[in-house]
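Quick notes on the structure that follows.
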Amino acid sequence: MTSEQHPFLTEVMVVRGGKDVLECYQCGTCSASCPALPDMVHGPRRIMYMIQNGMEKEVLSNPDIWRCVSCYSCMNRCPRGIEITVLFSELRRLAVQKGYVEDKEAQFGQAFTVTLAQHGRMFEPELLTRYYLRTWDIKGMLGMVVPGLKMLAKGKVSFTPKNIAASQELRDAGVVPPVGTFRHSKFSDRVIAIMIAVLGFVAAAGRLLTGGKKEALHG
Amino acid sequence: MTENIDNNEELRIGVYICHCGSNIASVVTIPDVVEYAATLPNVVVAKEHKYMCSDPGQTLIKQDIRQYKLNRLVVGACTVSMHEPTFRAVLAEEDVNPFFFEMANIREHSSWVHAHEKPEATLKAKEIVSAAVAKVSFVRPLEMFEVPVTRKALVIGGGIAGISAALDLADMRIPTTLVDKSPSIGGRMAQLDKTFPTMDCSICIEAPKMVDVGKNKYIDLMTYSEVKEVEGYIGNFKVKVERKPRYVLEDRCTGCGLCSDVCPISVPNFEFEEGLGPRKAIYVPLVQAVPAIFTIDMDACIECFKCVEACGSLQAISFFEEPKIETLDVGAIIVATGLDMWDPTPLEEYGFGVYDNVSTMMEIERLHCAGGPTVGEFVRPSDGKTPKTLGLIQCVGSRDKRYNEYCSGFCCMYTIKNALLLKWLYPEIDITIFRIDIRAPGKTYEEFYERARQAGIHFVQGRPAEIREDPVTKNLTVHTHNAALDRQMEYEFEMVGLATAAIPSAGVEELARALTVPLDTAGWFLESHPKLKPIDSSTEGVYLAGSAQGPKDIPQSVAQGSAAAGRAARVLTAGKWQIDPIVAYVDPTRCLNTNPKSKCTMCAQACPYGAVINEPGTGNPSQIIPAKCHACGTCVAECPANAITQWHFTDGQILAQVHALLADNPEDKVLAFTCRWCSGLGADNAGVSHFQYPSNTRNIMVMCSGRIDPDFVMEAFKLGAGAVLVSGCHVQDCHYITGRQKADVRMEKLRVQLERMGMMPERFRTEEVSATEGAKWARIMTEMSETVKGLGPEGVRAENEKMLPQLERQLRRVREGLDVSRVLDIFEARLQGVKTEIQQAYERERR
């Protein structure tokens with residue numbers, strides 16, 4: 001709008017739920033409605049004010065946006081029609097994208113989204129590989145080996161990814177963010193590619209050896 | 001040479017070029033323009049003066065009028081907004097028709113904006129003068145016409161605003177009819193207990209005025225009546241009012257009330273007590289009713305006739321009444337229809353209508369009012385006990401995008417008043433007011449707010465999210481986020497009051513239609529100009545007072561009532577009223593509706609003022625009511641049969657200007673149409689601010705962009721114009737309400753046609769420019785000038801040639817417009833001659 005606007009405000013105003021942010025007149029209905037407020041530092045009322053004043057760091061680095069339970073009470077009752085719940089989900093995405101959130105949960109979420117963006121469907125071996133490559137949580141990774149193998153044997157997770165036909169549509173519809181929204185290293189891709197090849201080989205070999213009888217190997 | 005339109009009068013034009021000190025003279029070479037002007041057809045005198053508008057300047061013109069028998073005047077000077085009235089007066093003083101004057105703006109449109117292109121500015125000045133001469137050659141003598149005025153007024157609505165207006169009019173001995181749809185006047189103010197900030201008893205200060213109205217010999221009170229139809233125009237309205245049947249004869253009822261005493265039927269009194277108290281089927285809404293005449297509610301009445309018995313020899317009750325239409329002849333109308341209170345049921349989170357003890361502020365008002373259903377004992381609905389704790393919530397339905405976006409203006413004060421009042425009546429009561437902001441703008445209002453705080457009333461900055469009810473105690477818990485304490489809090493109250501929004505009175509849409517007065521987006525009557533004409537509506541002779549125009553408090557309503565009476569009195573005491581003659585006119589021989597099979601309604605649809613009498617299917621041609629016509633010209637452009645013309649802005653006159661301006665080197669030029677208001681003033685603003693822009697731009701002004709016929713644009717392109725701009729107000733600001741909107745639709749269709757003909761889209765633009773957007777004007781002119789220069793004259797000519805066959809086909813009916821044939825004949829014949837002169841001038845400058 002005007003050149004005096006803080007870039008963070010301008011950025012928020014173009015994401016989903018953000019166009020009416022300047023309408024907020026601090027009535028407090030949102031904070032009053034919020035069941036998660038006792039666990040928040042600021043609450044949606046103050047978050048709105050901080051956005052209006054371009055306080056990017058305070059907004060994106062505080063835990064409030066992660067405490068939102070998406071109950072929609074605030075958005076239903078807001079007399080200005082601000083889509084608060086929708087906006088908060090975008091704030092979470094922005095927080096991760098801009099690197100304000102680096103904890104394990106965020107890394108897991110990003111690994112999940114990247115995997116989903118690739119295949120349109122979950123593929124657990126890739127998910128975990130990406131996760132552990134991000135966090136270098138070797139101990140955790142080693143701890144997953146035995147349960148992982150058991151699940152493979154039982155057919156609970158598949159050897160090969162199953163891509164949906166319309167993964168681009170999924171991205172176009174905004175269900176998953178575009179490839180590249182979250183950190184997505186080429187190194188991880190290569191490791192994943194090798195892993196998929198290896199798993200595929202193992203599965204094929206297994207089918208040969210067991211005469212195609214083990215259902216898990218077909219997964 | 002005799003080329004005058006209507007008679008064989010010889011045209012004798014005087015052209016006067018003003019130096020305006022050095023404002024024009026420092027850029028434009030005045031003697032060259034004077035010399036050029038003398039060569040224009042029918043110009044017998046061309047002179048210059050340092051200050052044309054000064055006394056000596058005006059005297060010079062007057063002398064020349066007498067000496068040279070001038071009958072047309074062109075002044076090359078400033079903007080019409082400044083001195084059109086000045087020079088029209090000069091003509092009038094010399095007995096020449098004042099409409100024989102045209103201003104050539106060579107200051108705002110040339111010297112001030114092309115200060116660094118002196119030769120080009122001089123050339124442009126010459127062409128502007130040439131266009132003014134062209135237009136003035138084809139204007140007709142017009143007379144301000146006068147209509148008689150009926151010295152009577154109508155006030156619609158008997159609340160405090162309507163009462164104030166009626167009493168002022170009566171003081172001026174103007175016979176006034178006051179119509180109200182309720183059985184009694186008094187409106188909302190009568191329902192109030194006390195008024196802020198004085199804590200006056202409301203009905204105590206209003207009732208004497210109500211009685212005055214009832215007794216005043218100049219005021220005819222028509223209650224239980226509604227305005228149904230309004231015809232006519234300022235000074236001459238014919239209004240049909242329906243008197244609803246009361247079943248009680250107004251000239252016999254004494255208001256004794258014996259009928260009501262014996263009536264066996266009681267129903268909730270919604271009219272006055274918000275349904276909290278009863279009334280009988282035969283009733284007056286309030287004890288202090290004016291007139292003190294009873295009314296029978298037939299939906300409740302069981303026709304037992306006990307009332308007839310009780311009335312006895314007075315025989316004031318008649319069950320045979322029918323609605324009656326009365327016709328009133330009035331000269332001016334005042335709309336004072338007031339407001340209603342919004343029903344907060346849709347706000348489910350507050351539980352109104354579900355929880356017993358959640359009430360509206362008006363209900364609370366009635367409960368503590370001594371004349372109310374509980375005789376002033378403030379009790380809560382569920383158990384009839386006085387609550388010890390009370391919560392009051394502001395902005396219920398106001399400032400809310402889901403319901404009413406506006407602030408209702410008086411509720412903060414209203415709530416504080418109720419809180420203070422209750423504190424005085426019940427010192428132990430604990431009251432909390434939940435608010436977003438506190439609005440206390442009036443005189444001593446802020447001090448009133450302080451009194452509330454001093455009295456120990458609590459204020460919480462936090463709009464409650466929801467209210468929950470305890471099913472046993474029927475107490476309410478209000479959930480809110482207290483901003484000051486920065487935490488969620490739950491407040492328990494025995495009763496809660498909601499300050500609901502003010503909304504327009506029920507039924508105003510039909511009234512607005514009958515009056516041809518528009519409502520704004522929120523449903524309030526629209527004022528003519530929000531700053532400078534807040535009392536006038538857009539229909540001449542109809543004025544607005546009180547909350548009908550937007551929610552307001554009592555002093556504002558009273559002030560507006562008096563203001564409306566004043567505005568109306570201007571007309572009613574004048575005897576005769578002058579109507580501007582630049583109105584539209586339908587040629588009955590051309591109107592399609594002379595054929596009864598035609599059902600054309602284009603002109604009526606184009607007019608937001610209801611100035612068109614359109615009777616399709618009857619064989620009667622449409623007619624414009626001059627006194628209602630505001631002269632936008634939209635109907636002229638919309639008429640599919642070219643049957644309508646606008647005096648002083650005929651198709652011929654406008655095309656004469658197009659031809660004059662594009663006579664030479666049209667491929668280099670940007671031709672801009674502006675309206676008289678926003679975009680014309682915006683272009684002037686660019687001049688006043690000295691924003692520079694290229695000089696290859698030329699303007700033509702009409703009253704409203706709605707007037708602009710696609711033919712004008714196409715003729716411009718046919719003549720070879722480089723680019724054309726159609727500019728006007730921002731669509732929501734159009735001075736003629738819908739003119740701009742209609743123009744937009746028309747221009748969009750034109751754009752599609754032009755692009756199909758192969759024209760580069762940037763060569764035709766439509767823009768919204770407000771009166772302050774001088775910079776925007778300069779930017780648009782610069783952009784379009786660059787478009788034209790970028791294409792170059794060859795490029796423009798090439799495109800125009802491609803478009804020519806189609807343009808000529810589209811323009812085949814252009815000569816149907818008034819004067820167009822004569823204008824085009826003259827211009828096409830003279831094209832050679834004029835072209836040569838301007839061409840020479842052009843070449844001289846270039847060297």
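Chain naming here is simple, since letters A, B, ... match the order of the sequence lines and numbering starts at 1 in each.
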Item to complete: Given salt bridge (Lys or Arg N to Asp or Glu O under 4.0 Å), test B:Arg188 with B:Asp340 step by step and report yes or no.
Response: CA-CA 8 Å; B:Arg188 292 284 89 77; B:Asp340 279 345; 3.2 Å; yes
Fill in: Under 4.5 Å from a heavy atom of chain A, the part of B:Glu349 involved
side chain
Worksheet item: By a 4.5 Å heavy-atom criterion (distance strictly below it), what part of A:Glu23 contacts chain B: side chain, backbone, both, or neither?
Response: side chain
Worksheet entry | chain B contact via A:Arg77 - side chain, backbone, both or neither, heavy atoms under 4.5 Å | both
Discussion item. Could you check whether atom NZ of A:Lys57 has more than 12 heavy atoms from other residues, nucleotides or ligands sitting under 6.0 Å from it?
Written reply: no
Discussion item. Using the ring centroid of each side chain, check whether A:Tyr131 and A:Phe112 are separated by less than 6.0 Å.
Written reply: no
Item to complete: Please collect all side chain to side chain donor-acceptor pair (under 3.5 Å) contacts where either partner lies in residues 404-413 of chain B, sequence neighbours excluded, each pair once.
Response: B:Ser398-B:Ser408
Worksheet item: Which pairs pass salt bridge (Lys or Arg N to Asp or Glu O under 4.0 Å) with one or both residues in residues 127-144 of chain A, sequence neighbours excluded?
Response: A:Glu126-A:Arg130, A:Arg130-A:Asp189
Worksheet entry | Partner chain B: residue of A:Cys30, A:Ser31, A:Pro38, A:Gly28 with the largest heavy-atom pair count (under 4.5 Å) | A:Ser31
Worksheet item: If you tally heavy-atom pairs under 4.5 Å against chain A, which of B:Glu466, B:His479, B:Arg435, B:Arg487 wins?
Response: B:Glu466
Practice prompt. Mind ranking B:Asn482, B:Asp437, B:Thr480 by heavy-atom pairs under 4.5 Å with chain A and telling me who comes out on top?
Written response: B:Thr480
